[in-house]
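Just so it is clear, the model here is predicted, and its values are computed rather than measured.
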Amino acid sequence: MKAIVQDRYGPPETLTLADVDPPVPADDEVLVRVEAAALNAYDWHAMRGDPRMARLAMGRSRPRARIRGRDFAGRVEAVGARVRQVRPGDAVFGDLGDANGAFAEYVCVPETLVAPQPANLTPQQAAALPLAGVTALMGLRDVGRVEPGHRVLVNGASGGVGTLAVQLAKALGATVTGVCSTRNVDLVRSLGADRVVDYTRDDFTRDDRRHDVVFDLVGNRSLTALRRALTPTGTLVLSGGGVYRGGSLVGPVWLLTRGQLLAPFVRHRIVTLATVPGRQHLDALRVHAEAGRLTPVIDRTYPLHEVPEAIRYLEGEHARAKVVITV
């Protein structure tokens with residue numbers, strides 16, 4: 001089968017389209033014929049081994065996972081002997097987690113990491129949901145504890161997670177403020193944001209509005225500044241992303257670590273978000289999508305052989321919403 005492989009850390013040029021042996025499902029796995037895959041900030045972090053501290057988990061000298069990509073949507077080709085909830089022919093979507101492997105014609109994935117595709121979405125839209133959608137769902141519902149009437153601010157509202165977070169916050173009954181650049185104001189407003197802040201003109205940390213939850217997806221503000229945007233008992237949810245700026249030792253991890261260290265000593269809740277892929281969250285995203293409350297926004301699509309160009313586009317801060325690969 002065709003797949004995008006990588007044998008050393010580096011720029012997009014280190015990714016190549018190659019012929020590799022197709023995977024064989026274990027007893028608890030399903031074999032999926034991939035129809036679409038989606039890019040995330042995770043993909044360029046893993047490609048470059050950046051921040052360098054993350055290589056302790058990803059592989060010190062080269063990537064442990066040779067085939068890139070996490071998010072996918074496709075049809076089940078075969079199932080293992082112990083698989084009970086999925087059958088050949090089912091349209092599914094999921095997140096492979098740190099195992100990677102989605103930028104390929106076929107993937108093997110544990111049954112617990114896939115769910116039925118939302119019936120009203122295309123495979124490309126379904127592929128755009130897993131990691132970004134679970135991040136938004138966990139950040140707002142599970143960690144932020146958003147309730148009807150809460151005021152929520154999403155910093156990075158035009159990104160892959162942000163465009164879904166704005167919609168989910170509205171679905172949870174919140175009044176939503178989205179922070180983005182000038183060119184994305186209309187997009188964020190169209191997703192349901194009650195107020196949009198153009199960060200090139202205004203500083204949301206210095207106006208007089210306070211929020212019950214600030215969901216930071218950028219990592220470009222200090223903890224002091226972010227806390228100024230909170231009510232006295234508000235919650236700050238940290239989920240760093242960023243763009244490639246030449247490599248770093250710790251990257252957004254430094255802000256997340258500082259948040260963890262500060263949390264016990266302040267009245268605000270400061271929570272560092274760690275996403276966990278799984279069927280429960282995928283099913284929740286499907287319910288929201290089929291109810292019309294959640295629709296992924298796709299910026300661009302690329303064929304499989306153009307994954308290097310797609311990642312170059314993503315990591316250079318040009319992309320908005322999701323970038324999707326068709327297989």
Side-chain angles (χ1 to χ4, degrees), residues 30 32-43 69-76 86 89-96 101-105 107 109 113-141 154 156-171 178 184 186-193 217 241 275 277-304 306-307 310-311 313-314 318-327:
V30 299
V32 179
R33 171 67 170 91
V34 179
E35 295 178 306
L39 298 184
N40 298 282
Y42 171 92
D43 295 310
R70 289 183 56 155
D71 288 350
F72 68 91
R75 289 204 173 265
V76 176
V86 180
D90 287 353
V92 297
F93 73 126
D95 175 2
L96 292 163
F103 299 156
E105 292 178 320
V107 297
V109 58
L113 297 184
V114 297
Q117 286 184 32
N120 59 332
L121 299 187
T122 66
Q124 290 75 27
Q125 290 173 312
L129 271 179
L131 179 55
V134 170
T135 300
L137 185 69
M138 292 184 67
L140 294 169
R141 186 194 68 180
V154 180
S158 63
V161 178
T163 50
L164 298 173
V166 169
Q167 296 176 73
L168 286 171
K170 290 298 295 182
N184 294 320
D186 289 341
L187 167 64
V188 174
R189 187 174 288 120
S190 73
L191 297 174
L217 301 167
T275 59
R279 179 160 182 156
Q280 177 184 0
H281 290 97
L282 294 173
D283 281 338
L285 294 174
R286 176 173 52 80
V287 169
H288 281 296
E290 291 181 344
R293 297 186 292 264
L294 185 65
T295 304
V297 177
I298 297 176
D299 181 2
R300 291 188 181 186
T301 60
Y302 292 81
L304 182 62
E306 291 186 5
V307 164
I311 292 187
Y313 175 70
L314 177 70
H318 301 296
R320 59 180 182 174
K322 297 295 296 184
V323 176
V324 173
I325 305 301
T326 56
V327 182

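- Atom OG in S158 sits 10.0 Å away from atom CG in L217 (nearest 0.5 Å).
- Between the CG atom of L164 and the OG1 atom of T135 there is a distance of 9.5 Å, given to the nearest 0.5 Å.
- Using a 4.5 Å heavy-atom threshold, the side chains of P277 and L131 count as separate.
- Between A73 and A126, the shortest heavy-atom contact is CB-CB, 4.0 Å.
- At a threshold of 4.5 Å between non-hydrogen side-chain atoms, the residues Q125 and I298 count as touching.
- Here the closest non-hydrogen pair linking R286 and P116 is CD-O, 3.1 Å.
- Of the possible donor and acceptor atoms, one in the side chain of R75 sits under 3.5 Å from a partner among the backbone N and O of G89.
- In this structure a side-chain-to-backbone donor-acceptor pair under 3.5 Å is present from Q117 to G74.
- One finds the OG1 atom of T295 at 9.0 Å from the CG atom of L191 (value rounded to the nearest 0.5 Å).
- Closest approach of A169 to L140, counting heavy atoms only: N-CD1, 3.7 Å.
- Nearest heavy atoms, F93 versus P130: CD1-CG, 3.7 Å.
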So D71 and L96, side chain to side chain contact (heavy atoms under 4.5 Å, CB included) or not? Walk me through it. CA-CA 7 Å; D71 288 350; L96 292 163; over 6 Å; no
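- The two atoms that bring G69 and D43 nearest to each other are CA-OD1, 3.7 Å, heavy atoms only.
- In this structure the side chain of V307 never reaches within 4.5 angstrom of the side chain of Y302, judged on heavy atoms.
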Determine whether L187 and R320 satisfy the following criterion, side chain to side chain contact (heavy atoms under 4.5 Å, CB included), listing intermediate values before the conclusion. CA-CA 9 Å; L187 167 64; R320 59 180 182 174; 3.9 Å; yes
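- Contact of the H281 side chain with the M138 side chain is registered, since non-hydrogen atoms from C-beta on lie closer than 4.5 Å.
- For the pair Y313/L39, no side-chain contact is recorded, criterion being any heavy-atom separation below 4.5 Å from C-beta on.
- A donor-acceptor contact shorter than 3.5 Å is absent between the side chain of E290 and the backbone of V287.
- Q167 contributes atom CD, which lies 6.5 Å from atom OG1 of T163 (distance to the nearest 0.5 angstrom).
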Run the side chain to side chain contact (heavy atoms under 4.5 Å, CB included) check on R33 and V327 step by step: do they pass? CA-CA 9 Å; R33 171 67 170 91; V327 182; 3.8 Å; yes
Checking side chain to side chain contact (heavy atoms under 4.5 Å, CB included) for the pair V86/R279: CA distance, chi angles, key distance, verdict? CA-CA 12 Å; V86 180; R279 179 160 182 156; 4.2 Å; yes
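- Two residues are said to be in side-chain contact when any heavy atoms from C-beta on lie closer than 4.5 Å; K322 and D299 fail this criterion.
- Contact record, A132 with N40: N-OD1, 4.0 Å, taken as the closest heavy-atom pair.
- By the 4.5 Å heavy-atom criterion applied to side chains, L168 and L137 are counted as neighbours.
- The CG atom of L113 lies 8.0 Å from the CG atom of L282; values are rounded to the nearest 0.5 Å.
- In terms of modelled atom types and a separation under 3.5 Å, the side chain of N120 and the main chain of A289 share a donor-acceptor contact.
- Using a distance-only test at 3.5 Å, with no hydrogens or angles considered, no donor-acceptor pair links the side chain of D283 to the main chain of Q280.
- Ion pairing between a basic and an acidic side chain is recognised when a charged N comes within 4.0 Å of a carboxylate O; D95 and R70 show such pairing.
- Residues T326 and Q124 have side chains in contact (heavy-atom distance under 4.5 Å, counting atoms from C-beta outward).
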